[in-house]
There are 2 protein chains.
Amino acid sequence: MKKINKQIEVVFRLWFYSNKDKFLGKGRVELLQRIDDTGSLAKAAEGMKMSYRQAWQMLKEINERAPVPIVEKHLGGKNGGGTIITKEGKKAIKTFVDFELKVAEFIKKEIARLKF
Amino acid sequence: MKKINKQIEVVFRLWFYSNKDKFLGKGRVELLQRIDDTGSLAKAAEGMKMSYRQAWQMLKEINERAPVPIVEKHLGGKNGGGTIITKEGKKAIKTFVDFELKVAEFIKKEIARLKF
DNA sequence: TCTTTATATGCTTTTATAAACATATCGAAT
DNA sequence: ATTCGATATGTTTATAAAAGCATATAAAGA
């Protein structure tokens, strides 16, 4: 009988929920990170080859569900406006990324421990 | 500023992959457990209000992708046939369930440790 | 050989999700 | 007032995933 552990890979996903609603996951965090980098939802969407519409809806959900304000939007003005990540938003992103990393490390260790 | 950790919940899913293909996840494991309980794919499907077609396709994928034989099928015969979980199948199920539990415990501890 | 019951699949129809297209709006700066 | 670039949404179209329906097949036992 072949040993399984040598050929098994474990993949995981995790989400932050607030009030029974999912408000952060890997995809959303990437969007937020790109917004943080570019200062623009449109540019962030383009960067991850996602339609602006979709990205806008995603961000809308994040805002509706997050327990704290994640972004600050600006309409019109010199450069047409823009979107910036709030301080709380940055904290939430970091918390998620760190959490994800810890879980990944734990899983890696556990895989090594698997014996059949 | 409100503290986030008191209101955040973390949800996760994990999958076992073999050869870049997902072959076990929560839903599939439940199907297998029900097959193990009933000895029948049809009964298992019914039990989790899933169409037989769907369950059969799910099981087909599991079999195609798992590194070891998970079930043994029997066509025809006295009671029309049936499906039983192999010894390796049972081991895979247990491994998955145990793994999932450990990750859940780890996550629970990490949540408690979150501070903002 | 006919019955029984679970597995094995083809085919069609819904439903859900995502993509695509089209505009409207906002407000600083010119 | 007009321009400009980004946000804000309604509407429609295309794709994909799930459901539903129908039927064939296997093989032990009566």
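In the text below, chain A, chain B and the rest are named by the order of the sequence lines, each starting its count at 1.
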Short side-chain N/O contact from A/Trp56 to OP1 or OP2 of D/dA8, under 4.0 Å
yes

Quick one: A/Glu72 CD to D/dT7 P, roughly how many Å, whole number?
13 Å

Salt-bridge contact B/Glu9-A/Lys20 (side-chain N to carboxylate O under 4.0 Å)
yes

Hey, does the side chain of A/Thr83 come within less than 4.0 Å of D/dA6's phosphate (OP1/OP2), counting only N and O?
no

Specify the separation, in whole Å, of atom CD of A/Glu64 and atom C1' of D/dA8.
13 Å

B/Gly77 near the nucleic acid: base, sugar-phosphate alone, or nothing, with a heavy-atom cut-off under 4.0 Å?
base

Atom pair distance, as rounded to whole Å: NZ in A/Lys60 and P in D/dT9
7 Å

Ignoring backbone atoms, test whether A/Gln57 places a side-chain nitrogen or oxygen under 4.0 Å from the OP1 or OP2 oxygen of D/dT9.
no

What's B/Ser40 touching, base or sugar-phosphate or nothing? Going by heavy atoms closer than 4.0 Å.
sugar-phosphate

With B/Lys60 via salt bridge (Lys or Arg N to Asp or Glu O under 4.0 Å) - residues at least two apart
B/Glu64

If Ile, Leu, Val, Met, Phe, Trp and Tyr residues are connected whenever their side-chain heavy atoms lie under 4.5 Å apart, and connections chain through other members, are B/Val29 and B/Phe23 in the same group?
yes

Figure out the CD1/P separation between A/Ile84 and D/dT7, and round it to whole Å.
12 Å

Between atom NZ in B/Lys49 and atom P in D/dG20, what is the gap in whole Å?
12 Å

Name the nucleic acid region contacted by A/Lys43, choosing base, sugar-phosphate or nothing; use a 4.0 angstrom heavy-atom cut-off, strictly under.
sugar-phosphate

Let me know the distance between CZ of B/Arg53 and P of D/dA24, rounded to the nearest Å.
15 Å

Give me the first and last nucleotide of DNA chain C, going 5' to 3', that has any atom under 4.0 Å from a heavy atom of chain B.
C/dT5 to C/dC11

Under the salt bridge (Lys or Arg N to Asp or Glu O under 4.0 Å) rule, collect the residues that match up with A/Glu105, sequence neighbours excluded.
none

What's the CG-P distance between B/Asn79 and D/dA30, to the nearest Å?
11 Å

Once you round it to whole Å, what is the distance between P of D/dA17 and CD of B/Gln54?
13 Å

Answer yes or no: is there an ion pair linking B/Glu61 with B/Lys22, defined by an N-O contact shorter than 4.0 Å?
no

Answer yes when B/Glu110 and B/Arg113 have at least one side-chain N-carboxylate O distance shorter than 4.0 Å, and no when they do not.
yes

Closest-nucleotide 5' rank along DNA chain D - winner of A/Gly39 and A/Lys78:
A/Lys78

Ionic contact status for A/Lys94 with A/Asp98, cut-off 4.0 Å
yes

